[in-house]
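Reviewing the structure listed below.
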2 protein chains.
Amino acid sequence: MSTLNLKPMFSPKSIAIIGASGDERKLSAKPLVNLRDHSYKGTVYPVNPKYEEVAGYKCYKNIKSLPENIDLAIVSVSAEHALAVLEQLADRSIKSAVVYSSGFSEIGKEGRKMQQNLTEFINRTSIPVCGPNSLGFNNINESVIATFAPIEFNKSDKVAFITQSGAFGTFTYAMAKDLGFGYNYFVSTGNEAGVDFFDYVEYFAHQENIGVIGGYIEGARDINKMKKGIRTAELNNKPIILMKVGSSQSGAEAASSHTSSLAGNQSVYESFFKQKNIVQVYDEEELVDTLALFNKVKVSPNRGGVGIVTVSGGAGIVMADKCEEYGIQTASLTSETTSKLKELLPPFASVNNPIDLTAQIVQMLDRFEESLNVVLEDNNVEALVLYMQLGDFIAPQIIPKLKQVNEQTNKSLVICWAQPSQKTKDELLDGGLCWLPTPTRTIKAVKNLIQYNEGRERRVQTKNDLTEQKVSEIAAITDLQNAKTEYDIKQELANYGISIPRGALVQTVDDAVNHAEEIGYPVVLKVASPDITHKSDSGGVKVNINSRDEMIDAYKSIISNMAKDYPSANIEGILIEEMIKDGIEVFIGCFQDSLFGPCMMFGLGGIYVEVLSDVVVRKALLSEQDAEDMIRSIKGYKILEGTRGKAPADINALICALVKISEFCWQYRDSIKELDINPLVVKSIGEGVVALDAAIVSQQVKEESH
Amino acid sequence: MSTLNLKPMFSPKSIAIIGASGDERKLSAKPLVNLRDHSYKGTVYPVNPKYEEVAGYKCYKNIKSLPENIDLAIVSVSAEHALAVLEQLADRSIKSAVVYSSGFSEIGKEGRKMQQNLTEFINRTSIPVCGPNSLGFNNINESVIATFAPIEFNKSDKVAFITQSGAFGTFTYAMAKDLGFGYNYFVSTGNEAGVDFFDYVEYFAHQENIGVIGGYIEGARDINKMKKGIRTAELNNKPIILMKVGSSQSGAEAASSHTSSLAGNQSVYESFFKQKNIVQVYDEEELVDTLALFNKVKVSPNRGGVGIVTVSGGAGIVMADKCEEYGIQTASLTSETTSKLKELLPPFASVNNPIDLTAQIVQMLDRFEESLNVVLEDNNVEALVLYMQLGDFIAPQIIPKLKQVNEQTNKSLVICWAQPSQKTKDELLDGGLCWLPTPTRTIKAVKNLIQYNEGRERRVQTKNDLTEQKVSEIAAITDLQNAKTEYDIKQELANYGISIPRGALVQTVDDAVNHAEEIGYPVVLKVASPDITHKSDSGGVKVNINSRDEMIDAYKSIISNMAKDYPSANIEGILIEEMIKDGIEVFIGCFQDSLFGPCMMFGLGGIYVEVLSDVVVRKALLSEQDAEDMIRSIKGYKILEGTRGKAPADINALICALVKISEFCWQYRDSIKELDINPLVVKSIGEGVVALDAAIVSQQVKEESH
């Protein structure tokens, strides 16, 4: 699909409203009333055969009588009429539309058919349609209020918000208002028949008056649009803050019936977002708090910790605890800073971070201001959180000082003023200060800022998305039809540069002995058959064979075991391999995600995976950096580093293997449903890795169960 | 110390105010003004030589001129005069006092001395003194406003709140007001020179008009008071909701300089609170939200899950996700319930939990009410959360129905009405409904309720605190002075009924051979010396000795290794033990906590402890239930249950061993600073456990480093 042009939608010069009601109490009258009351500057064309004039605008009898090339049409007719209306509008060459109507894919089979027709209409005409089942959208700066949502539009900040739940989106709108900011753009994406969540991200990422993009998302529909939207936002330096829901079974099912979106594999989303430096938030307060902070953020030249300054010892303790809980540092102040603070502050005050000024500070406001400057000037401080409480009486003296400190610093100053009066809050916000309401919420938002800054630096330092270029370099896809046994799959992996044990596939006991002597004892024997999946359980595997005699016994034993348990199995032979004794066993897997495509799994083998679920998941392809991040992120990483007197493992070789296996999985993505290399043995530094066992579930087999 | 009588403090018939100011703008005038403005019914005695009358009350020149037996004295003189004033007050036989003055132990050495004197005064006179360094307290129902904190006292619920941070406490007071409830009792405990945090718990637990006790705590000072307060609250069926801070290093240090409390070992607090069914909350919103919920709670006859009913699909998904995240169930509705809902609700509605009524429900309010009743009647539902949003216009019709539903049910109905108008909120609260502001906060509070209910049932079923009775039964403490080597310690453990490997301490190679043959090969040899702590590192241990010859070699090798590395060590002999091959290695430890006394640690051995920190900690003594809870709570528990084809371990024997070792540690608590049994091998079911190695750090050694 070509990229849809969303400018006529969000910045229309003219708007037609199909079925605009003359009864202002009705929802269908709401957009018209909104446009009028917010003094929308463009032309408005209500369409309703019943009226000559509606809400002060000339009314049109029907769509045919409209002029051509109207930028935006608002459609709120019932679902079954929506397409016909859009077809008529297309005849008038409208440039965009929004469909409020519900009754599409969210209601089941019949609705899905209607939505499919709508998608075909959009593909055919290239007219971008927001929705259906959407509350609409707005662009406050240009007074485009194309929604019937009961929102109070009164403030516009450099924030864009995109939501897959209209109701939840309007709820956050109201919460944002409480925090003293407003979304300039707000869009309820509805069922996304044509315009995708990330199309909006892409569009807002191009807008100069937008500094941060927020969103509520149940599931993404198109990986390429997602990547493109995110990449544009990154290039234009617009942070993206997303609340991704549907992590629970019942939540995911509800999402599926809600806007028929697939919640997908939460851990793949998480690692993908982390990789792309998207700020993932986990609740509605964290969402709006983080947006409030990013709306006023300054990017400190220093990476570091949080300076905490309070008038309440208790709040300081809570904030210090939360820093540790959320994995950010409380800044270690330099001795220069603490000496200066000692001079400035009353003797009871604590000059260690968290700094407790004590309530007495309100009697020495110049020292108060100076203390804040001293902390902000400390190179170990990345952001400063000031906790104030009650004390509205002193606010008129304090706030001008805070404003001054804020204007002078190039770091983020965040004011957690607990329970301010409306007047104090307004003064803080009008002074351009960033205000948040509670210690815990403040530190949670600041954590997102600090981690975002760190991620941004990391993204700049590492060459981004090399893997995406690699995609095109990877050779045409062949299939793995013939790779059915462990032997075949390991040969394929070996072709890809993954070490496998020295070995051979033999059909006679004599060949077995010859090869074993060539390889050198001890060896391992494994039956090779596409029909036998649990080789060990039925005596199809013999390990630690140390001599010719043991070899002959083992060979015969496997043959007789198989003859007994699998009389009709097609036995291709016996695989003889060197026995790998030393090293750490890890597991590398791959599975297909409907959105992300092939995804890689990594963990230590055995109990780590089975008992502790210590597994990390990430979308293929992997860059070396991705592979290293994955390896470092598991809890058992210390084992690879060497613990209990053991030598460190060859992590570089493991990184290399993960990257290669991800390329293997990418190349064969149409053939491989699941790949399981378990174990892969990581030897000591410099000695590499060896894939001891590998199994594939092919796409064809799996599709039967769909 | 005798139990202090807090009734004259919280329900005084007469109050003297020392140094009451006539200038109503001053803080020292605040309590007087508060008492007058809230129409305190008792007699008020301001003391100030400067006035004849203050705030309408007759003023006394000095303390001597006061009548005798005044119930409460409020002292806000400077720290250095506080004790003298209290002594004078004692002469007038006052029954209680509160000291606002700061400048005691929180400021360091000099202050600590003054506080010590204060504590001695309290012990000598048995006059309970709140503080020093306290904001005071209040009892709203009796209009006792003995605080200078700038709080708006306007509503009283059956909630008592105790805080070690005055400022943080008043902050939660204001947050509670936002949620529509008020603390009847509020006390800022200050430095707790005489009256302890848990003395207040104990007192409030006896008050009939209190239903729930909340608190902010940095550290407890007295384990016995803590136990007593908690026990009284449990017996009187008053839930305790505590926010325990100081989990981080910098937070704990700040707590220590704040009110000189010791934050202590957070994980011991956590397990102790869990054991005693105290609801531990982790942030300020969770604290007030949980109090708001418990203030209106009904205890459902059903343990089960949460029924979620919404008008927003998005909110439903969020709440379902949060249930899973917080470890509670979304209720599985019976087919009867879903059938009934299908009949009642519009076709687009989702009748699976989370139930999405869709916005259309506001047009069919009778069906709305009936739906709630249907869900509440489902036996799988323990509590119902209803999510409403905006829609103030419909509130006057909806709220009476909610009220009716709430009055008819014996389960908790929680209304998460997002962003209500003040009017809607007031109507909800006036209707006796429990209101919370956001989906995430609501589910977090409901999680606390469900876990509390479950804990309560568990506490009733198991016979509580048996271990506490055991304490007195345990024989007089001997010391472990002579148990310095592994052999000695294991003998002591064996005396306590803990299995150790069969073995003997020998001094000659001939004895070694004789004993080895008696035990049966293979055996293990270990050097026995109080001077050699890392036996393995220096060749002091030989395992898997299979014959007489290997035995002789190993014996000689140990002797020569020791002679080389530890020429001056006192070697008591060589320990010969049977070699235990099969089983799962676990680790049992003990350490001394300054508050809780001996605390037990348990985890799987090796990497589980070292790499994954998969360890659980709990205060000794342990009941069998405690031991079982500990064992089940580690992440690696599945290993003990039997995984990867291995037989399940003898968990009953392990429980028994943990209990016995806790008794051992309790008995020797004055001798043992640390005990480390690592590994203890757990064999298959029915085969018991064996302590393979044990080491003790004695109290004396450790004290040097203090």
Side-chain angles (χ1 to χ4, degrees), chain A residues 102 106-107 150 164-165 167-168 170-171 174-175 216 218 245-251 253-255 257-259 283-285 311-318 320-321 323-325 330 347-348 350 352-354 356 359 389-390 418-419 438-440 606-607 610-612 635-636 638-639 643-644, chain B residues 102 106-107 150 164-165 167-168 170-171 174-175 216 218 245-251 253-255 257-259 283-285 311-318 320-321 323-325 330 347-348 350 352-354 356 359 389-390 418-419 438-440 606-607 610-612 635-636 638-639 643-644:
Chain A
S102 55
E106 81 278 10
I107 65 156
Q164 286 186 340
S165 164
F168 201 83
T170 55
F171 169 39
M175 291 175 82
Y216 162 97
E218 296 175 3
V245 302
S247 60
S248 64
Q249 182 65 24
S250 53
E253 281 165 15
S257 72
H258 181 225
T259 46
D283 68 63
E284 50 280 18
E285 288 181 333
V311 295
S312 150
I317 299 166
V318 171
D321 284 357
C323 283
E324 183 170 292
E325 182 182 337
T330 48
F348 300 171
S350 164
N352 294 316
N353 196 8
D356 185 1
Q389 177 176 336
L390 310 167
Q419 296 283 328
T438 77
T440 297
I607 51 137
E610 291 169 33
V611 177
L612 303 171
K635 295 184 208 100
K638 282 184 202 164
I639 306 237
T643 184
R644 313 190 86 200
Chain B
S102 55
E106 81 278 11
I107 65 156
Q164 287 185 342
S165 163
F168 201 83
T170 55
F171 169 40
M175 290 175 82
Y216 162 97
E218 295 174 4
V245 301
S247 60
S248 64
Q249 183 64 24
S250 52
E253 281 165 15
S257 72
H258 181 223
T259 45
D283 68 64
E284 50 281 18
E285 288 182 333
V311 295
S312 150
I317 299 166
V318 170
D321 283 356
C323 282
E324 184 171 291
E325 182 182 337
T330 48
F348 300 171
S350 165
N352 294 316
N353 197 9
D356 184 1
Q389 178 175 334
L390 310 167
Q419 296 285 325
T438 77
T440 298
I607 51 136
E610 290 170 32
V611 177
L612 303 172
K635 296 186 208 96
K638 284 184 201 163
I639 308 244
T643 185
R644 314 191 84 201

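Letters A, B, ... are given to chains in the order of the sequence lines, protein chains preceding strands, and every chain is numbered from 1.
- Interface check for chain B: of the options Asn353(A), Ile639(A), Asn352(A), the most heavy-atom pairs under 4.5 Å are formed by Ile639(A).
- Using a 4.5 Å cut-off between heavy atoms, Ser250(B) touches chain A through backbone and side chain atoms alike.
- Residues Tyr216(B) and Val318(A) meet the side-chain proximity criterion, which asks for heavy atoms closer than 4.5 Å.
- Contacts of Asp283(A) with chain B are made by both backbone and side-chain atoms, with heavy-atom separations under 4.5 Å.
- Glu285(B) is not listed as a side-chain neighbour of Thr438(B), based on a closest heavy-atom distance of 4.5 Å or more.
- Looking at Ile317(B) and Glu218(A), their side chains come closer than 4.5 Å, going by heavy atoms from C-beta outward.
- For Thr330(B), the part sitting under 4.5 Å from any heavy atom of chain A is the side chain, from C-beta outward, and nothing else.
- Only the side chain of Asp356(B) comes within less than 4.5 Å of a heavy atom in chain A; its backbone stays farther off.
- Both the backbone and the side chain of Pro439(B) come within less than 4.5 Å of a heavy atom of chain A.
- Counting all heavy atoms, side chain and backbone alike, Ala254(B) lies closest to Pro354(A) at CB-CG, 3.8 Å.
- Using a 4.5 Å cut-off between heavy atoms, Glu325(B) does not touch chain A at all.
- With respect to chain A, the highest number of heavy-atom pairs below 4.5 Å among Lys638(B), Lys635(B), Glu324(B), Glu284(B) belongs to Glu284(B).
- Closest heavy-atom contact between Gln389(B) and Phe171(A): NE2-N, 3.4 Å.
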